[in-house]
Structures are given as structure tokens and as C-alpha cells.
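Counting convention: from 1, in listed order, for ligands and their atoms alike.
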Amino acid sequence: MDSSCFIIWILLSMMFACHAKKCDQTPPLATIPEPSENKGVFKMTIETKMQSFLSYLPDQTYVVTLLANEPTRPFRWFMITAEDPDMDNSTYDVMSFETDVGRLKTLDTETGRKSRYSERCFNSVENTDNSDKYRVDIHWISPKQNDQNANQQVRLRAMVAENEEVWYMDDEDLIILLQKDNRPPIDSPPTAQVESCNLCSEARYEVIFNGKWSRVSHPHKYPSKPDDNGYTHMLGASHSSYYTLWQQGEEASPGLRKLLEYANTTFLEREIIAKMAERNGTRTLIRGKRRHHPFMFEPSHSLFRVDRFHHQFSIVVGMRPSPDWFLGTSKFELCTPDGWYKKSEIPLYPWDAGFMDGVAYESQTAVTTPPEHVHRVEVGSFNKESPFYQMNLNDLKPFAILQVRLLDVYPLLGEECSDDNAETDSVPSNEEDEEEGEREEPVVAESRQNTNKVCLSEWTDWSSCIPHRDSCGFGSQLRTRERLLPMNVNDKYHDRGSLLKSSKENCYTEENTNLVESQYCYVVC
Ligand SMILES: *[C@@H]1O[C@H](CO)[C@@H](O)[C@H](O)[C@H]1NC(C)=O
Ligand SMILES: *[C@@H]1O[C@H](CO)[C@@H](O)[C@H](O)[C@H]1NC(C)=O
Ligand SMILES: *[C@@H]1O[C@H](CO)[C@@H](O)[C@H](O)[C@H]1NC(C)=O
């Protein structure tokens, strides 16, 4: 060891406590120091959905079972340890890097009461008594999501003792090696986030929230008064990569809290509008209809625009009743190397906004102090009151399906967009825009599509320009249009084609479904 290496060794020794050597599971009362050969009589198993290889998802609960396969061969003692296999060959036995190997948890069940936390070894459970046992169940909660340990492995290792002389350890039937499953959670947006987008066009999208929360698909602890069930409005925005409507691990904004607590959209809308900016922040306010029992299966939709500065979108939909749970997507990227993302569907699962306590839909709630960060509703909770008691995310039925699809692309012609990137069927630039010298970004013309194809009212006039700061400068203005229902309501969503074909004459007004569009404006000082 050269001197610099030695110094690093000293520093590391000081930084990491010298507690965790590989656990010696040898039973303290053993009279024979060597384990016997197991020959498949005793076996440890883990319930995972992955058939072909043993892998785990972060932050999930798994059931680990220790079983005696022969009716005449019970075991009396056992120990199960969760450990980092990389530690085996650690050269320095005084130090160990503390890896998160998850937690073992004893259960208050017939087959669970037989175990307690070990005092001999870390991350280990052992027998509580000397009784004969044929089966022991415990839980293992996998390590938390942690990008640094992409290839992390965890080993579960068991010792089983029939008596002082016959015991088993380090046997292949008593070892489970688990590899972290690095696939993104099933509700992640399908595209990778990009910080800057080089597409020389704008695009218009439709986002549709299809609620799936029901007694049939989510029977456990389903609210007792379904008449009160519903979602809040769908709210969100298209935005730049620097804007966050909500995000796992961050605190919920005051506006989001108001939406979830009182179903009041005003504050979150204001927050979104306040962040409207030409090259940053938000662009379009997304607002979809509120759906309530018995129409919770009716979709809620909205249109929005994106451009190369605002190429992501986020939405939230509150769940009622619930402590502070919501469905949504965060920073869904629409700018891809192949152009604007065409379409997709993702399942949505509940998130906990972190400011109200409560484990069930109808829990008596209290303000969480201090507020926690936004996190997944504890799936695989150990609390029997939780609707997700001992469930894994992959077993849970989605609470909604979010669809997003590209409607139109508007190529941009301007100094900053070279013709190489422009698409061939370019829209001629709008003459009105040329007068507005202050605008650096070319503003595209409104959709050239025949609006009669969808059941929509005309746009209202643009509202007056409200500057973002002070009384002049850049600001935003809004206009709205109503989505109309075709006369034949029943056909409405079963066949989208019929909706598209119906003319405005065959439409009537659907309440509360203003589509909002925003644009930048400038007030001369
Ligand atoms: C530890 O060393 C042994 C012998 O060199 C080797 O067979 C084993 O694979 C190593 N284990 C790990 C986890 O690296
Ligand atoms: C939401 O809150 C605002 C401000 O307090 C209030 O003016 C508005 O009426 C509320 N909206 C609803 C639907 O309660
Ligand atoms: C957008 O805002 C963020 C944070 O406010 C800032 O770091 C970033 O540089 C801005 N981006 C642009 C393109 O102005």
C-alpha cells in the first residue's frame, strides 16, 4: 500500500463505522461447528413477479418464506439476513460501506410471530422460541430508489437448525440473490427528458384523463359513500424543463394543496399563469373537466401547445375522498430525436402530496407537520387500513389511464430556425406578427384545421394583456372556447370518429369545459 492509499484507507476507516462484518449465522448453541448438507429439505423462497430471474423493484414489499419440506423434519432455530454480497471479499474487515439492503420486517401473523429482530447481526431476524416450526413468513422491504446503485444486488441468506448438531447454512436453497430491476416504474412517461429541444416547429396536443378508480377494480377500503367520490379538475401546463408543477421528492405548492384540499382550481391556475414566459416557465394552461360519481369514467380532456422552449407537460387530478392523494404525470417529455412525440397511454397510480396525514381514502386527516415531500402513496403498506395493504405496484390496477396525442405540427420559419429543419408543408408566417418587433420568437398562426371537424365553439376574443411583472413588459393573455357535446351523448366516447364528424349544428354546450389557450403579449411602457 503506498502512502496516499494508506491515507485514504485511514480516512475511510474514520468515515464508516466498523460495525458490519458478514453476519455469522452459526447458532450459538451449536455443538457441531460445521453446517450439515441440506439436500433440499429446507428452502427459502421470495414472492416476486419476475419468473425468469430474481430481481426487485425499489421500495416494495416482498414476502420471504422459510419452509420445511418434510412433515417429520421441523426446525427450531433460524436466522435470515439481508446483506450486500460485495462485502464478502472486503479486504478491510474493520470497515464496511453501508449499502442500503432494505429492511426485514417481522409479521404479526401465525407464521410471522415466530421471528424477532436479531441482536447478533444487523438486518437480521431470528426465532423467538425453541418450538418446532414448519414455516416462517417475514417481509423484506427493498432498498429505496437510488440512482447511484444501478447494479445493486441484495442477498438474503438463511440459517436453519433442527437441533444443536444438525443445522444448515450457506446452502443454495437457503440463499436468494436479488438484482435491482432498473426498468422505470410502469407509470413513468415513455420518453427521456431533454433540457433543450431543437425542433423547429410548434405542436398542438390533446391530453385525456380516463378515470379508472372504482369499487370493482379497487375494492379494498373503497369509500363507503360512493356518491361523494370524484376527481378534481385536471390542471396542468405545458412548460419548459425548468418548470415544476409537482415532482416526487419536492414539496407540494400552495396551489396544489388548495386543489387537493378544497378542489379549488383558482390558486394553482394562478401559479401556472404567473409562470407564463416566452422562453421558460409555462405556456398553455391545461384544464379539463371535473368528473364526479356516477360519471367518473367519463374522460376529461384538454388541448395544449408546445414549442421548443416549452416541450414538456405536467398534470394533476385530485382524488376525493382522500387525505391528499392525486393522480398525474410530471415533466412528460414531448420533444424527441424523431420529432414531436406522437402518442401514448400511461397508467396512473396515486401520489401523496405530503401535507395531510391519513392512510385510507376516508381517514380522519390532520395536517402533517412538518410537511413531507410528494411521494408515492405507500403501496405495500403494512397498515391494514390502507387500500394498498401488502400490495405491489405491479399488482395494483391503474387508477387512471392518461392518453396524450399529437394533433398538429406548425413549422416555424424564422431566423433561429434554419430551413434544413423546417418541415416541407410549412405554414406561411402570419403577417400580423411582423408588426410586433418586440417578439423574438416567431408566433405561429392559429390552427389551420377546420374547426367544424370537432365539436367546438368559436374562440372568445383574447383577453387584455396582463403583464407578468409591474404594469408593462411581457405578459400573457388568454382566450377560451367551449367543447360541445354532440347530440348523441351515448356515442360520444365510444366512437371518437362520430364526435369528429358531427358538425356544430349537432352540438350542445357541455358545462364547464372551457379550453384555455394562452399567448404572450407585450404592453408598451
Ligand atoms: C469472493 O472471492 C471468491 C474467491 O476469490 C470468489 O469466488 C467470489 O466470487 C468472490 N465474491 C464476490 C462477491 O466477489
Ligand atoms: C376558490 O377560491 C377562490 C379564492 O378564495 C374563491 O374566490 C372561489 O370562489 C373558490 N372557488 C370555488 C369553486 O370554491
Ligand atoms: C429558465 O429558468 C431557470 C430557473 O429559473 C434558469 O436556470 C434557466 O437558465 C432559464 N432558462 C432559460 C432558457 O432562460
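Distances between N or O atoms of N264 and those of ligand 2 include at least one value under 3.5 Å.
Under the side-chain hydrogen bond (donor to acceptor under 3.5 Å, both in side chains) test applied with Y242, the options K275, E195, R279, Q312 reduce to a single match, E195.
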Under 3.5 Å, which donor-acceptor pairs do the side chains of residues 257-265 form with other protein atoms, sequence neighbours left out?
unit_1, atom_1, unit_2, atom_2, d
N264, OD1, T266, N, 2.8
N264, OD1, T266, OG1, 2.7
T265, OG1, R287, NH2, 3.2

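Residues that satisfy the ring-ring contact (aromatic ring centres under 6.0 Å, His included) test with Y361, not counting sequence neighbours, are W213, W325.
The ring pair (Phe, Tyr, Trp, His ring centres under 6.0 Å) contacts involving residues 265-297 comprise nothing, where partners must be two or more places apart or lie in separate chains.
Within 4.0 Å of ligand 3, heavy atoms belong to protein residues Y242, R279, N280.
Taking the six-membered ring wherever Trp is involved, the centroid distance between the rings of F399 and H218 falls below 6.0 Å. Ring pair F313/F304: centre-to-centre distance below 6.0 Å. Aromatic pair F326/Y231: ring centres not closer than 6.0 Å.
Contacts between F267 and ligand 2 below 4.0 angstrom, taking non-hydrogen atoms only, involve the side chain exclusively.
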